[in-house]
2 protein chains.
Amino acid sequence: MKLSKRKQQILEAIVEVHIATAEPVGSRTIARKYKLGVSPATIRNEMADLEEMGLIEQPHTSAGRIPSQQGYRYYVDQLMQKGSLTEKEENLIKAVFARQVRELATLIQDTIKLVTQLTDYLVFLSGPQLENATFHQIRFLQLAPQKALLVVMAESGWVESKVVDLPVPVTPEELEQITQVFNSYFRGLTFSQITRTMLRGVYDELTRKRQLIDLTLEIIETLLTKESAEGLYLGGARNILKQPEYRDIRRVRELLDLIEGEEVLKSLLMETQPTGINVRIGKENKFQEVEDCSVVTAVYTFGGNVVGAVGLLGPMRMDYARAIAVIEYITHALSEVLTRSRLL
Amino acid sequence: MKLSKRKQQILEAIVEVHIATAEPVGSRTIARKYKLGVSPATIRNEMADLEEMGLIEQPHTSAGRIPSQQGYRYYVDQLMQKGSLTEKEENLIKAVFARQVRELATLIQDTIKLVTQLTDYLVFLSGPQLENATFHQIRFLQLAPQKALLVVMAESGWVESKVVDLPVPVTPEELEQITQVFNSYFRGLTFSQITRTMLRGVYDELTRKRQLIDLTLEIIETLLTKESAEGLYLGGARNILKQPEYRDIRRVRELLDLIEGEEVLKSLLMETQPTGINVRIGKENKFQEVEDCSVVTAVYTFGGNVVGAVGLLGPMRMDYARAIAVIEYITHALSEVLTRSRLL
DNA sequence: ATTAGCACTCTTCAAAGAAGAGTGCTAAAA
DNA sequence: TTTTAGCACTCTTCTTTGAAGAGTGCTAAT
């Protein structure tokens with residue numbers, strides 16, 4: 001779709017003013033705020049054209065115009081200036097991520113909180129998936145005749161374990177045999193090649209030399225409070241109520257349904273393309289539940305592999321430039337911290 | 001506070017009708033629905049008395065009456081008939097709890113969902129605390145010169161483990177030494193006596209005899225997706241919007257603040273008295289944030305010890321009889337399942 | 001002690017009107 | 001041919017008004 005320079009300017013003005021005010025934008029407002037050197041009447045003519053092209057629409061006969069879904073799309077693809085964070089904001093992010101990271105769950109919660117502070121949208125994040133990690137080995141630690149601890153290790157250094165209630169009494173030799181089988185068969189494969197689901201990372205902080213007893217004590221403590229690395233993490237639900245779109249309680253209800261349902265948000269993260277920032281506007285989303293919302297997502301990585309995604313959900317009238325800038329910065333920072341701290 | 005039989009009947013009528021309708025209750029309504037054998041005028045006189053005693057109040061000069069906080073309290077303590085679940089509802093609960101429980105997290109989520117279906121209030125639940133469990137032993141499994149898996153066991157059978165990055169290279173003998181120290185010093189003490197925090201349970205299902213390899217595979221899978229046993233679990237936020245009290249977006253905002261804040265809800269669960277059902281009405285709650293809400297909580301147990309609590313939060317105009325019945329039934333059922341399935 | 005009757009108060013709802021914003025069209029100007 | 005001033009018209013929003021309804025408190029009669 002080709003637009004004259006002036007039509008572009010007018011469309012941009014409509015989108016930007018509407019994003020800022022949540023109100024329909026009239027020809028006078030544009031003439032006043034953006035000095036295009038033409039009168040409102042001329043702008044009106046152009047607006048009639050833009051409406052015919054489907055880029056803007058009129059809520060009712062005598063209101064200003066609001067961008068249509070396609071209008072937003074054109075804006076995002078062609079007109080929008082790349083946004084950036086203030087130095088202060090970047091420093092805030094760096095400060096949070098510079099802290100020594102003990103627990104993956106803490107890191108994720110901190111990230112959510114951070115994004116919550118930086119935007120007024122719903123923040124959602126999928127915990128690291130380990131599908132593409134490489135199996136290293138398993139080990140058994142027998143605890144009782146019918147009870148053992150199974151330890152799973154990935155080549156990256158990730159280790160996880162779980163108690164197994166054995167169906168029958170088993171000798172150490174039998175356990176050893178199973179271990180052999182696994183380790184010879186699976187070494188070097190990714191977990192997704194072995195099973196299908198794959199999550200959870202473990203790591204621990206370094207402490208001083210001779211304080212091994214203290215350390216052990218501390219480990220017991222953190223062990224007992226450790227949190228999941230799977231599933232969906234959320235924040236900012238309260239923020240989104242600031243948006244005038246959510247003045248109607250029904251919209252809020254739909255939003256809470258979405259949040260409690262989880263599946264849609266998970267799918268949105270799953271579908272995220274690994275390259276760049278994904279922007280889905282209105283009905284571009286496959287899910288009916290979010291067809292009047294927009295979603296900005298991007299993946300984050302560990303050692304170059306995609307392991308999860310972060311998303312923002314807001315009204316179509318979202319500040320795309322800012323949302324994109326925040327998601328971009330955060331996913332990069334998160335990838336870096338994750339890789340650096342070897343939490344996976 | 002002594003009330004005549006008739007005043008009691010009138011107060012009960014006001015509370016019950018108001019709970020059902022969310023509207024102020026007038027003298028005529030009471031005369032019509034409850035056959036007290038007196039005219040509206042008489043009821044009006046009694047209502048004037050009840051108002052003077054602080055049990056009911058008038059939103060404005062010419063509206064009906066609504067119960068005051070003290071009115072609800074009197075109702076809950078003196079007038080309310082004990083509620084009960086329908087057979088169908090009890091069967092639903094039994095059906096859910098009869099399923100083989102693999103994961104503690106799943107059990108908790110199921111419980112929340114259940115209560116969400118049974119009431120229209122916010123459901124919140126604290127995961128099992130293990131403070132009062134008894135330490136049994138620890139074990140180390142060395143994974144690398146500076147890396148080991150620490151396994152912690154409680155006498156109840158609970159086991160948890162975590163990878164430890166050792167600050168310096170350690171010999172197996174040194175690890176053995178530390179193990180000895182811990183096991184001799186701490187055996188028989190509760191975790192709260194040893195450290196302060198204490199959570200997380202692990203268990204696994206029994207499978208068939210020779211399928212150890214399959215089992216191991218499955219364990220890897222579930223291990224990688226295991227979830228936290230700590231913290232606060234929530235549900236039913238969407239439900240509570242059905243309450244007319246939450247037609248105002250500001251109330252919803254406060255509610256979301258409460259949910260995202262978590263601290264207040266956690267405190268409410270912490271403060272729950274171990275005996276019976278706790279009902280806190282309006283300002284009886286210490287927290288300003290919930291001073292126009294009511295909270296019904298009760299603890300659940302494992303092997304006789306209190307390990308967590310379940311709560312319902314709703315408007316003061318809550319159906320107390322039902323809320324209490326649900327919480328009572330659920331906490332008992334949960335305690336029983338937990339103990340039976342040895343998840344802790 | 002109870003009740004019928006009634007004046008009074010307050011809320012809620014709908015209708016009506018005024019104000020304001022913005023458009024589209026026409027005819028004139030550039 | 002493009003732009004613009006002018007103006008009638010439409011639609012929303014806000015305020016006012018008035019009527020209807022619910023419920024009370026008081027008084028006097030039962």
Side-chain angles (χ1 to χ4, degrees), chain A residues 2-11 13-18 20-68 71 244-245 247-248, chain B residues 2-11 13-18 20-68 71 244-245 247-248:
Chain A
K2 277 222 139 180
L3 291 186
S4 71
K5 186 81 187 160
R6 193 167 65 191
K7 282 199 175 61
Q8 291 192 343
Q9 289 177 317
I10 291 174
L11 178 57
I14 292 174
V15 174
E16 285 176 2
V17 173
H18 183 65
T21 64
E23 299 292 328
V25 185
S27 54
R28 261 187 73 132
T29 312
I30 295 175
R32 216 179 326 110
K33 291 199 186 169
Y34 293 70
K35 308 166 195 121
L36 303 181
V38 291
S39 75
T42 308
I43 293 173
R44 279 205 287 283
N45 288 331
E46 297 284 45
M47 280 160 78
D49 292 350
L50 287 170
E51 183 164 8
E52 204 165 345
M53 292 183 228
L55 294 171
I56 57 179
E57 47 200 35
Q58 244 178 332
H60 55 83
T61 322
S62 113
R65 302 305 208 293
I66 59 175
S68 69
E245 279 81 356
R247 221 173 281 153
D248 182 355
Chain B
K2 276 222 141 182
L3 290 187
S4 70
K5 186 81 189 160
R6 192 167 66 191
K7 282 199 175 60
Q8 290 193 345
Q9 289 176 317
I10 291 173
L11 178 57
I14 291 174
V15 174
E16 284 175 3
V17 172
H18 184 65
T21 64
E23 299 292 328
V25 185
S27 53
R28 260 187 73 132
T29 313
I30 293 175
R32 214 179 327 108
K33 291 199 184 167
Y34 293 70
K35 305 160 198 132
L36 303 181
V38 291
S39 75
T42 308
I43 294 174
R44 279 203 289 282
N45 287 331
E46 298 283 44
M47 280 160 77
D49 292 350
L50 287 170
E51 183 164 6
E52 204 164 345
M53 292 184 228
L55 295 170
I56 57 179
E57 47 200 35
Q58 242 178 333
H60 55 84
T61 322
S62 116
R65 302 305 209 293
I66 58 174
S68 69
E245 278 82 355
R247 221 173 282 153
D248 183 354

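In what follows, chains carry the letters A, B, and so on, assigned in the order in which the sequence lines appear, proteins first and then strands, with residues in each chain numbered from 1.
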Per-nucleotide protein contact string for nucleotides 19-30 of chain C (B base, S sugar-phosphate only, - none; heavy atom under 4.0 Å)
--BBBB------
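Put simply, the side chain of S68(B) gets close to the backbone of G54(B): a donor and an acceptor are under 3.5 Å apart. Judged by distance alone, the side chain of E57(B) and the main-chain N or O of I66(B) form no donor-acceptor pair under 3.5 Å.
For the pair H60(B) NE2 and dT9(C) P, the computed distance is 15 Å after rounding to whole Å. A straight line from CD1 of I66(B) to P of dC10(C) spans 17 Å, rounded to a whole angstrom. In this entry the distance linking CD of E46(A) with C1' of dT1(D) reads 14 Å, nearest Å.
Shown here for P244(A) and A22(A), the closest heavy-atom pair between the two residues is CG-CB, 3.6 Å.
Residue pairs meeting the salt bridge (Lys or Arg N to Asp or Glu O under 4.0 Å) criterion with at least one partner in residues 44-56 of chain A, sequence neighbours excluded, are R6(A)-E46(A), K7(A)-E46(A), K7(A)-D49(A), E51(A)-R65(A).
Of the candidate nucleotides dT3(C), dT4(D), dT12(D), dT3(C) has the atom lying nearest to any side-chain atom of V38(B).
Using a 4.5 Å cut-off on side-chain heavy atoms (C-beta onward), L55(B) and L3(B) make contact. Side chains of I30(B) and V17(B) form no contact here, defined as non-hydrogen atoms less than 4.5 Å apart.
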